[in-house]
Amino acid sequence: MIRLDAVEKRYQLGARPFTALQPTDLEVSAGEYLAITGPSGSGKSTLLNLIGLLDRPDAGQYCLDGQATENLQEEARAALRRRYIGFVFQAFHLVARLSAFENVELPLMLAGVPRRERRPRIEAVLARIGLSEVAEHRPGQLSGGQNQRVAIARAIVMNPRLLLADEPTGNLDQAAGAAVVELLEGLNRDGMTVLMVTHNPELAARCRRRIRLVDGCIVEDSPSWDRSTA
Amino acid sequence: MGPVDRLSFNAQLLKRHRVRALLLVLTIAIGVASVVMLTAVGEGARRYVVREFSALGSELLIILPGRIETSGGAPPLYGTTPRDLTLEDAQALSLLSGVVRVAPVLAGTARVSRGARARDVVIIGSTPALFPVRDLRLAQGRGLPAAAANRAQPVCVLGDTLARALFDGASPMYQWVRIGDRRFRVIGVLQTAGEHLGMDLRDMAVIPARSAEQLFDTQSLFRILVQLEGPAQQAAVEARVRALIRERHDGEDDVTLISQDALLATFDRILRMLTLILGAIAAISLVVAGVLIMNLSLISVAQRRAEIGLLKALGASARQVRRLFLDEALLLAALGAGAGLLLGEAAVAVALRLLPQFPFAAPLWADLAAVAVALLCGALFAWWPASQAARLDPVRALRGLA
Ligand SMILES: Nc1ncnc2c1ncn2[C@@H]1O[C@H](COP(=O)(O)OP(=O)(O)OP(=O)(O)O)[C@@H](O)[C@H]1O
Ligand SMILES: [Mg+2]
């Protein structure tokens, strides 16, 4: 489903270029549940942003579902993000003035889903995530765990095939983090491909496959035994 | 993202920044209202003039002594002193075909008194034809009698202000008043008709032309009003009038003809132009409002960078983001334009109450143009900030970076 060939990302830091992601190969099949670990600054978010079509690589090739993405116009990339990819951000990134319901409504709105179809879809997602009672609350009135779940609801309301979660438990305590991870595991069981960045080794251990990044390089990939034991 | 979605999204946004939105709406409203009010004054002036002219009857030809046209012809042979227009000229004119009525006008000022009350006013010497020609209506009594057409008679018709000043509520009918050193009997009082081309008909007296000749000791007419049969043959009748006067004035073309229509058309054109200019001046304030819109949009884009990044990450295309920000400005402009229309029309309504004789009215085109300019300014000045928002890189924007 995801196929990176020598994908590289460089940033210009002052005068000298800085390689955030060394040329990287990575293949992820549909239905996988993958944890990305690594120290801070190792390029995990960079990798996720590239996979999520939020960023363009400076070199290499990225195929999403067999489709090369280098030459796609911005418009087409946005359309792919809309329909294909759900993104959960480390910092929630909820719109403060909108209620939980309205935040979840955003992707449906952007995708042009008719109004009357939205309500049942949003309600179903919120119910699944256990947020039905707080649907009309604003992010400021919700706990961190609730906000993260709103963010997940927003990421999955379009029923994307690919869910990218950048440290979805980073701001949460143990219990709330566990609940979020269970949620992601449930989504994966239902067929969604899930890529999750995490610093938490326990959570990573629950994933069927783990990759570890250090200084922009994949130094460890544990697909074989994970897959065979699954 | 459909228009309804964008509207509700932006409505929520404006509700959130209520004060800022209100101030901007107010700015635009003032701009639109000033266009409405200023064009209402211009259009009011136009209607006022048109109405005053139409009150004279549209088939009116005014003959003035002396040639004041500068048509570039040869100068008159015998100096520049024109011959007087006389009652005889007027009588001759009334026999021309195509002419319905002729009202000579002799004018002067004199003291009108009754007992201890006195007033210096304009005295018009004319014939019975004056009343139909100038569409003068009577509140009491009648106009000049037919016998006064060519004869001095001690009768007069008073304007209503004058009548009230002299008689203080008592009936002036068939009372004697003194005009200059002569006595006249009041046979009628004019209805309030307002001003007609600068002459206050309410404060004057009409007496037979021959009486005025004696009173002012002159035969020279102030002007002759000629009512034509219809507009169809106006040019032909004008030519006949000119020929007749030339014949009676020893071959000299020493009068000026003013046709009602030509004058009206000129005033109409001038005042329309004036209205347009007033509107354009007022529209400048809309441009100022546009700059404010731009400022607000830039602030909005800067403040909402993370939100823009989010929208893009969620799959908003650059076009969608631009539309969203343009719509915000357009929504503000539309609200401002609506408020401005209400404000302007309310001001016009108040002005109409205060000055009922002046027909203030914002022309429809001005209303529409004001709204259009407001929307256009909104879109134009928000374009650049909206494009900036649309260009933002999602990853950087999510971090709040430009
Ligand atoms: N816009 C940028 N400009 C310059 N350097 C950047 C930019 N974005 C990221 N970097 C650099 O790239 C490197 C990788 O960043 P990245 O955000 O991918 O790290 P990360 O593994 O997600 O770290 P963390 O676990 O702290 O989130 C970092 O050293 C960072 O400084
Ligand atoms: Mg990161």
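Every heavy atom of this structure was used, including side-chain atoms; hydrogens, water molecules and symmetry mates were not. Computed from a predicted structure; not experimentally measured.
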Q: Side chain from CB out, backbone as N, CA, C, O: work out which of these in Glu105(A) comes under 4.5 Å of a heavy atom of chain B, or both, or neither.
A: neither
Q: Would you confirm whether Lys44(A), through its side chain, and Gly38(A), through its main-chain N or O, come within 3.5 Å as a donor-acceptor pair?
A: yes
Q. For Asp393(B) and Leu54(A), which heavy atoms make the closest approach, and how far apart are they?
A. OD1-O, 4.2 Å
Q) Of the backbone (N, CA, C, O) and the side chain (C-beta and beyond), which part of Arg56(A) lies under 4.5 Å from a heavy atom of chain B, both, or neither? A) neither
Q: Please look at Arg154(A) and chain B and tell me whether the side chain, the backbone, both or neither of the residue comes under 4.5 angstrom of a heavy atom of that chain.
A: side chain
Q: May I ask you to decide if Arg97(A)'s main-chain N or O and Arg138(A)'s side chain share a donor-acceptor pair within less than 3.5 Å?
A: yes
Q. Is a donor on one side and an acceptor on the other found under 3.5 Å between the side chain of Gln148(A) and the backbone of Gly145(A)?
A. no
(Q) Just checking Arg3(A): does its CZ atom have more than 12 heavy atoms from other residues, nucleotides or ligands closer to it than 6.0 angstrom? (A) no
Q. Which atoms form the tightest heavy-atom contact between Met158(A) and Pro107(A), and what is the distance?
A. CG-CB, 3.8 Å
Q) For chain A, which residues from residues 285-304 of chain B have at least one heavy atom closer than 4.5 Å to it? A) Arg304(B)
Q | chain A neighbours within residues 7-21 of chain B, where any heavy atom lies under 4.5 Å away | A | Ser8(B), Phe9(B), Gln12(B), Leu13(B), Arg16(B)
Q.
Tell me whether the count of non-hydrogen atoms from other residues, nucleotides or ligands lying under 6.0 Å of CZ in Arg319(B) goes above 12.
A. no
Q: Please name all residues satisfying ring pair (Phe, Tyr, Trp, His ring centres under 6.0 Å) with Phe267(B), sequence neighbours left out, ordered by chain then number.
A: Phe53(B)
Q: Give a yes or no on this: more than 12 heavy atoms of other residues, nucleotides or ligands lie within 6.0 Å of atom CG of Asp215(A).
A: no
Q. Is the side chain of Asn188(A) donor-acceptor paired with the backbone N or O of Glu32(A) at a distance under 3.5 Å, no angle test?
A. yes
Q | chain A contact via Leu310(B) - side chain, backbone, both or neither, heavy atoms under 4.5 Å | A | side chain
Q | Closest non-hydrogen atom pair between Leu110(A) and Ala316(B), with its separation | A | CD2-CB, 3.7 Å
Q: Could you label the plane-to-plane angle of the Phe89(A) and His93(A) rings as parallel, tilted or perpendicular, counting under 30° as parallel and over 60° as perpendicular?
A: perpendicular
Q | Flag if over 12 foreign heavy atoms under 6.0 Å of CD, Gln357(B) | A | yes
Q: Heavy atoms only: give me the nearest Arg10(A)-Glu8(A) pair and the separation to one decimal.
A: NH1-OE2, 2.7 Å
Q: Check whether Arg77(A) gets within reach of chain B through its side chain, its backbone, both or neither, counting any heavy atom under 4.5 Å.
A: neither
Q) Can you tell me if Asp166(A) uses its side chain to pair, donor with acceptor, with the backbone of Gln90(A) under 3.5 Å? A) no
(Q) Using a 4.5 Å heavy-atom cutoff, which residues in residues 334-352 of chain B come close to chain A? (A) none
Q) Between Gly315(B) and Gln320(B), what is the shortest heavy-atom contact and its length? A) O-OE1, 3.8 Å
Q | Selection from Gly309(B), Ala313(B), Pro394(B) maximising heavy-atom pairs under 4.5 Å formed with chain A | A | Ala313(B)
